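Here is the structure we will look at, set down as structure tokens.
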Amino acid sequence: MKLFVSEGSPGSLPVLAAAARARGRAELLISTVGPEECVVPFLTRPKVPVLQLDSGNYLFSTSAICRYFFLLSGWEQDDLTNQWLEWEATELQPLLSAALYCLVVQGKKGEDVLGPLRRALNHIDHSLGSQSSPFLAGDTESLADIVLWGALYPLLQDPTYLPEELGALQSWFQTLSTQEPCQRAAESVLKQQGVLALRPYLQKQPQPQPGPREERTVSNEPEEEELATLSEEDIVTAVTAWEKGVESLPPLRPQQHPVLPVAGERNVLITSALPYVNNVPHLGNIIGCVLSADVFARYSRLRQWNTLYLCGTDEYGTATETKAMEEGLTPQEICDKYHAIHADIYRWFNISFDTFGRTTTPQQTKITQDIFQRLLTRGFVLQDTVEQLRCEQCERFLADRFVEGVCPFCGYEEARGDQCDKCGKLINAIELKKPQCKVCRSCPVVRSSQHLFLDLPKLEKRLEHWLGKTLPGSDWTPNARFIIRSWLRDGLKPRCITRDLKWGTPVPLEGFEDKVFYVWFDATIGYLSITANYTDQWERWWKNPEQVDLYQFMAKDNVPFHGLVFPCSALGAEDNYTLVKHLIATEYLNYEDGKFSKSRGVGVFGDMAQDTGIPADIWRFYLLYIRPEGQDSAFSWTDMLTKNNSELLNNLGNFINRAGMFVSKFFGGCVPEMVLTHDDKRLLAHISWELQHYHQLLEKVRIRDALRSILTISRHGNQYIQVNEPWKRIKGSEVDRQRAGTVTGVAVNIAALLSVMLQPYMPTVSSTIQSQLQLPLPACRILVTNFICTLPAGHRIGTVSPLFQKLENDQIENLRQRFGGGQAKGSPKLPVVEAVSTVTTAGPQEIQVLIDEVTKQGNIVRELKAQKADKNQVAAEVTKLLDLKKQLALAEGKPIETPKGKKKK
């Protein structure tokens, strides 16, 4: 074998460090080449490092070369290492390449270099800090450690760029940097010149993009590298599909109730984590489970997969008892009250559950007790005495979530009694330092009680075997895989499954009649009981792993219960239960610069969103746009305004409205004849390519990225219209008018496609577009993998009107202040004092009526301007609009703005 490296090449660092693994196992010759030397004969540009194998084949990916050396040493591949390598290639490397170029070639320093990297460095630090092992994938150095160390070394070897607060990252980096293979690699590549040794190499490289694709500046220009990838065969295939039209669509699946698995079809069972009934969900809860699952459920139905989507409220436990005590109601009354609140919120957000149930049902008791009895008779239940915290002032044992204190592992001061949100470790409540009862804030005392335990160590081998079969080829998110592997690496321990409560599923065992099952044991069984209340044939879904694909959506804190505890219970019960095949977990969504807090009035909660005047689809769009997939993200009012006004109003809405208006204005509402040029056919191929990319992403449940494909197609459409200028051509020769017709016809068909692609994300907007375009029913219900002509020449469309409204700065600033803290206490708004009168606010219903009137009048004004109506008529309607806006401002308690005159040029 021959390894080609170059002085000053960053990629040479990890491969030289990894090459030490291959010593004594294969003959390796290392050759140093210049940065412009072409080593691989079939590459058009120089590329190092390169490994030439004895077979004559070449490896020229840094991680592939490192992997080869590790495999030679007898290293066995593992799932966690592969996740780290994927993250390094897709997330870290683009940011790091840009940072090194910025530092070495452009001479920038400080935050210009470090700023874009902070999130990635925090991610590594958090991952290292939340586990007991010193390396990324376990107790020993792995391929992931060498690849990430080599990528980071040129920058982090300067202490300026290794923040002191990232202690775990510092320790890991120093450990690897002091190892002999890494030291030798650094000396060979950097030659004691530090990062400046990279300059000759980097100066000959193209300037890297500033970050991942989704963070680039939005542009209506299609990317050149994408345009260059299409072959003539791709274009011919796209045109053939286009010409087949609506007739090529498969027949619609007959709708059935109840939805049941069908042999020979793809049967998709989707659950979203059951929300606690005693809380009103905030935006983070909504995007973490129900909204993400809804997008996938709607997509599944568009693919004609046999789909059942279910959820419900998790109603048992101390949290419910305590809430009932606070409100002076019974636990059942609390459950009834908040179940209705949850259902209303999800209905407003247009969540398409097939059934939304609850866990306080006889079916829940029956199924939970059956699973327990099966576990008991098979020897998977233990008895032991437990020391618990009891609040003498409240006269009750405290559920784990009602104890707060200092984490015994990381020192976090607000750790819960079951888990620390900072380090992620599970805690027994009595291990907390300085514990407090969350209800009365007194210090609880330790008392003993007899309890039942699930013998997880005895089930560990079954779980490992199941994971070994399930994870390869599945779509478990990287954080879910990481969390489960962390649990297994630390070794499973028996977990208590009973509690000293009254409100819960009774334990059917002598001596335990005064106890109930711990909610984390029976809450996941709620999916089964909710299905059983939906259909008495529930076992066709839940005892049918051969025919059912189970997708479960949740935030990352729910992963242990869905990916470990319930599978262990089901495997131990030995009743052929359907287990999760695809576990989809998000990170956390924060609010502006902090966390959501109902008590402090910080953040938007589900019941408040509908009072903002912003439609549900806009909330859906923005939450899905910032969905916390790879790392935590944050809701920002300013960013919401920007995304609404740029992506929805100026990009998507602008294109769809123009396409429809051209049909109405220039062609009497009928789609014109289309005579496709080569450029048109090339555009069809681009649209088909992006549509297929959308399918690939959603099939892998990469919901946020698939949304970008919709916006990209819209940008292609906008550019197509701008380049061809149908509004000018329609006034020209017969050839020009024909060209205007073709462009208009293609554009309105792109709009029709977008309406279907939008359906999982913005169902109301999707339906509005389809109504305006009079899209045939089959085309509304089915999304195929190729772009087809669904609106042929002669098709008559309906009335076209704008889809989106601009969000104004003062409107958003008002909402930012309203949800920035204090509204929970009901503090009155300060009146806006004017010279003559005092402004008083109207009620929400009156405000909503005015908002609707302003929207309606705004549409009238826009349509008149688009039609170039008489100026006096336009002026009269504008006056009405300004008057309505003034009434709305008064109703909302805003100051009346004096109209500003236009500046003279």
Side-chain angles (χ1 to χ4, degrees), residues 63 67 70 75-92 123-148 168-169 172 409-410 419-427 454 456-495 520 524 550 552-571 579-588 629-631 700-701:
S63 61
R67 183 190 296 272
F70 267 73
W75 169 77
E76 293 185 5
Q77 299 191 55
D78 66 276
D79 195 56
L80 185 55
T81 297
N82 290 336
Q83 292 169 44
W84 274 114
L85 294 178
E86 182 181 352
W87 179 82
E88 187 271 342
T90 59
E91 302 287 340
L92 178 63
H123 175 65
I124 301 172
D125 181 74
H126 175 75
S127 298
L128 289 164
S130 63
Q131 60 190 44
S132 56
S133 50
F135 296 103
L136 292 171
D139 294 325
T140 57
E141 165 202 313
S142 73
L143 171 61
D145 295 291
I146 292 300
V147 171
L148 265 73
L169 176 61
W172 169 84
F409 300 104
C410 71
Q419 190 173 18
C420 174
D421 282 338
K422 184 175 182 184
C423 70
K425 290 189 179 295
L426 291 179
I427 301 169
L454 183 61
L456 291 177
K458 201 170 179 180
L459 291 159
E460 190 165 349
K461 285 189 177 178
R462 297 188 187 203
L463 181 73
E464 285 273 21
H465 177 70
W466 169 70
L467 287 169
K469 290 194 306 180
T470 301
L471 289 180
S474 75
D475 292 319
W476 282 47
T477 49
N479 57 355
R481 295 170 187 255
F482 181 83
I483 289 166
I484 294 301
R485 288 299 178 195
S486 298
W487 271 56
L488 289 169
R489 189 167 57 243
D490 295 342
L492 299 183
K493 300 173 179 61
R495 288 290 289 178
W520 68 255
T524 47
L550 173 57
Q552 296 198 291
F553 289 78
M554 67 207 68
K556 62 182 177 183
D557 57 341
N558 259 315
V559 168
F561 311 115
H562 292 75
L564 191 149
V565 174
F566 178 73
C568 279
S569 301
L571 290 166
L579 297 179
V580 60
K581 188 171 183 180
H582 309 283
L583 200 159
I584 315 301
T586 62
E587 300 292 318
Y588 294 136
E629 292 185 2
Q631 57 192 5
K700 291 291 183 182
V701 205

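All values derive from a computational prediction rather than experimental measurement.
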For the residue pair His123 and Trp84, categorise the inter-ring angle as parallel (less than 30°), tilted (30 to 60°) or perpendicular (more than 60°). tilted
Please evaluate residues Phe70 and Thr81 with respect to the criterion side chain to side chain contact (heavy atoms under 4.5 Å, CB included), reporting the C-alpha separation (whole Å), side-chain torsions for both, the decisive distance (0.1 Å), and the verdict. CA-CA 12 Å; Phe70 267 73; Thr81 297; over 6 Å; no
Side-chain contact, heavy-atom cut-off 4.5 Å: [X] with [Y]?
{"X": "Leu579", "Y": "Leu550", "result": "no"}
{"X": "Arg481", "Y": "Leu583", "result": "no"}
{"X": "Leu492", "Y": "Leu463", "result": "yes"}
{"X": "Leu571", "Y": "His465", "result": "no"}
{"X": "Ile124", "Y": "Trp87", "result": "yes"}
{"X": "Thr524", "Y": "Gln552", "result": "no"}
{"X": "Ile146", "Y": "Glu141", "result": "yes"}
{"X": "Pro134", "Y": "Asp139", "result": "yes"}

Indicate yes or no: does Arg485 engage Glu464 in a salt bridge with an N to O separation below 4.0 Å. yes
Report yes or no: does Trp476 contribute a side-chain atom to a donor-acceptor pair with the main-chain N or O of Lys581 at less than 3.5 Å? yes
Taking Lys700's backbone N and O only, do any of them form a donor-acceptor pair with Asp475's side chain (distance below 3.5 Å, no angle check)? no
Please tabulate, for the side chains in residues 556-567, all donor-acceptor contacts under 3.5 angstrom to protein atoms that are two or more places apart in sequence or on a different chain.
from   : atom 1 : to     : atom 2 : distance (Å)
Lys556 : NZ     : Glu587 : OE1    : 2.7
His562 : ND1    : Asn558 : O      : 2.9
His562 : NE2    : Tyr527 : OH     : 2.7

Residues in side chain to side chain donor-acceptor pair (under 3.5 Å) contact with Thr477, at least two apart in sequence or another chain: Asn479
